[in-house]
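Each ligand, and each atom within it, is numbered from 1 in the order the structure gives. No experiment lies behind these values; they were computed from the predicted model shown.
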Amino acid sequence: MKILSAEFIKSCTTPEQFPADGLPEVVCVGRSNVGKSSLINTLTNRDGLAKVSRTPGKTRVINFFRLILSDTQAPRLFLVDLPGYGYAKVSKSVRAEWGPMIQHYLENRPQVRGLLFLVDVRGPSPHDVHTSQWLHALGLRRVVVGTKVDQLTRRERAPALAVLRETLALDPTEPVLLFSAKTREGRDDLWAAIRDLLHKGGGQAGAG
Ligand SMILES: Nc1nc2c(ncn2[C@@H]2O[C@H](COP(=O)(O)OP(=O)(O)O)[C@@H](O)[C@H]2O)c(=O)[nH]1
Ligand SMILES: [Mg+2]
């Protein structure tokens, strides 16, 4: 499978601004700085497509990236970059906006096929735990992605994964995909998981 094009379409703050063309959407969720933008750039092989930041948490917008793939079954999709949560330095009012904004989007977009839920493989935060439960309750399909795996030695991996699974109270059948934007490890598996979300149709877990 080739990526024929990957293009930033728009940043939205209100639902009226969301793209109206009904393409399937795969949504990146995770705390600020977890590596969402880096993952989008690695997935698409486009270095500057999503802005990678060392001073996270500023953006409160939903970014839509349109991808065209050489995949006959599901050739077009949006990768959607949600604003990160849990950045302490943003004001309370900005933090208070995150939940309703995201909840409204996820509950009212039938074209959402699934979520990529990003968690730093070195350990989930309490906020990740809360978000995980909340996402689970929405009933959308999701792929849990442990980011920045290049930061662990081979020996540290299994224990870190066990802590991650335990802290997030993951179902034993729910896989965790290990990923690094730095080494590109996990990129092919992630694409396979995304195509699986797209090919299965509806976004509700267990619907297909
Ligand atoms: N070592 C390492 N650093 C990463 C990786 N992915 C992202 N980063 C770094 O983490 C910081 C935040 O990344 P970014 O993609 O902007 O995170 P976002 O806020 O979730 O969009 C940046 O300094 C990135 O260079 C990774 O796979 N490995
Ligand atoms: Mg980002």
Side-chain angles (χ1 to χ4, degrees), residues 3 6-13 17-18 25-67 78-91 94-95 97-99 101-102 105-106 114-132 134-135 142-157 159-161 163-164 168 175-194:
I3 298 152
E7 201 184 347
F8 169 71
I9 298 299
K10 64 195 316 200
S11 293
C12 306
T13 53
Q17 300 167 345
F18 295 163
E25 294 174 0
V26 173
V27 185
C28 298
V29 195
R31 67 169 175 73
S32 295
N33 218 32
V34 72
K36 293 182 298 299
S37 299
S38 304
L39 176 139
I40 289 173
N41 291 340
T42 303
L43 270 178
T44 56
N45 295 328
R46 308 291 194 277
D47 248 358
L49 186 63
K51 287 203 184 81
V52 174
S53 175
R54 278 171 196 279
T55 51
K58 293 253 170 65
T59 42
R60 298 288 107 178
V61 295
I62 300 182
N63 289 316
F64 289 82
F65 300 91
R66 187 171 55 213
L67 272 51
F78 279 117
L79 264 185
V80 182
D81 189 13
L82 294 186
Y85 54 82
Y87 184 57
K89 281 189 186 161
V90 303
S91 70
V94 169
R95 265 183 283 165
E97 282 165 20
W98 189 91
M101 178 184 180
I102 301 313
Y105 163 70
L106 290 175
L115 310 171
L116 308 180
F117 179 45
L118 278 62
V119 183
D120 192 311
V121 74
R122 293 167 294 180
S125 72
H127 206 139
D128 288 327
V129 174
H130 179 253
T131 304
S132 177
W134 177 71
L135 291 174
R142 72 174 182 188
V143 177
V144 180
V145 181
T147 63
K148 308 191 186 183
V149 70
D150 57 274
Q151 298 294 92
L152 295 180
T153 64
R154 290 274 157 186
R155 192 189 291 199
E156 287 166 340
R157 285 183 179 213
L161 206 51
V163 168
L164 193 149
L168 295 179
V176 175
L177 215 147
L178 299 181
F179 185 82
S180 165
K182 206 168 167 181
T183 65
R184 300 164 64 84
E185 176 178 345
R187 182 179 177 276
D188 292 348
D189 291 340
L190 190 50
W191 263 120
I194 291 171

Undergrad: Taking only non-hydrogen atoms of N33, do any sit less than 4.0 angstrom from ligand 1?
TA: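 For ligand 1, residue contact (heavy atoms, under 4.0 Å) with N33 is present.
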Undergrad: So, 4.0 Å and heavy atoms of G30: is ligand 1 close enough to count as a contact?
TA: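 For ligand 1, residue contact (heavy atoms, under 4.0 Å) with G30 is absent.
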Undergrad: So F18 and F64, would you call those rings parallel, tilted or perpendicular, with 30° and 60° as cut-offs?
TA: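 If you compare the ring of F18 with that of F64, the planes turn out tilted.
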Undergrad: Which ligand 1 atoms are under 4.0 Å away from a heavy-atom of G35?
TA: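 Close to G35: 7 (C), 13 (O), 14 (P), 15 (O), 17 (O), 18 (P), 20 (O).
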Undergrad: Using a 4.5 Å cut-off on heavy atoms from C-beta on, say whether the side chain of I194 contacts that of L116.
TA: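 When only atoms from C-beta onward are counted, I194 and L116 do touch, with a gap below 4.5 Å.
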Undergrad: Could you tell me if the side chain of L168 sits less than 4.5 Å from the side chain of V129, heavy atoms only?
TA: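 V129 reaches L168 side chain to side chain.
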Undergrad: Is there a side-chain contact between L106 and L135 (heavy atoms, below 4.5 Å)?
TA: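 They are in contact (side-chain heavy atoms under 4.5 Å apart), so the answer is yes.
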Undergrad: So, is F179 polar-close to ligand 1, with some N/O to N/O distance under 3.5 Å?
TA: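 F179 vs ligand 1: no N/O contact under 3.5 Å.
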Undergrad: Output the list of atoms in ligand 1 that are nearer than 4.0 Å to some heavy atom of Q151, sorted by atom number.
TA: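 In order of number, 1 (N).
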Undergrad: For a 4.5 angstrom cut-off between non-hydrogen side-chain atoms, does I102 reach V29?
TA: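 Answer no - side chains too far apart.
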Undergrad: With heavy atoms of A181 as the reference, note each atom of ligand 1 found under 4.0 Å away.
TA: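 So the atoms of ligand 1 that pass are 6 (N), 26 (C), 27 (O).
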Undergrad: For K36, is at least one N or O under 3.5 Å away from an N or O on ligand 1?
TA: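 By distance alone, the answer is yes.
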Undergrad: Look at S32 and state whether any of its N, O or S atoms is less than 2.8 Å from the Mg ion (ligand 2).
TA: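 Coordinating: no.
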Undergrad: Are there more than 12 heavy atoms of other residues, nucleotides or ligands under 6.0 Å from atom NZ of K10?
TA: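 Correct, the count exceeds 12.
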Undergrad: Evaluate S32 for polar contact with ligand 1, using N/O atom pairs at a separation under 3.5 Å.
TA: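 No: no nitrogen or oxygen of S32 is under 3.5 Å from one in ligand 1.
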Undergrad: Does a side chain donor of either R31 or T131 reach within less than 3.5 Å of an acceptor in the other side chain?
TA: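 Per modelled atom types, R31 and T131 side chains form no pair under 3.5 Å.
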Undergrad: Using a 4.0 Å heavy-atom cut-off, say whether D150 meets ligand 1 through its side chain, its backbone, both or neither.
TA: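 Contact part for D150 vs ligand 1: side chain (C-beta onward).
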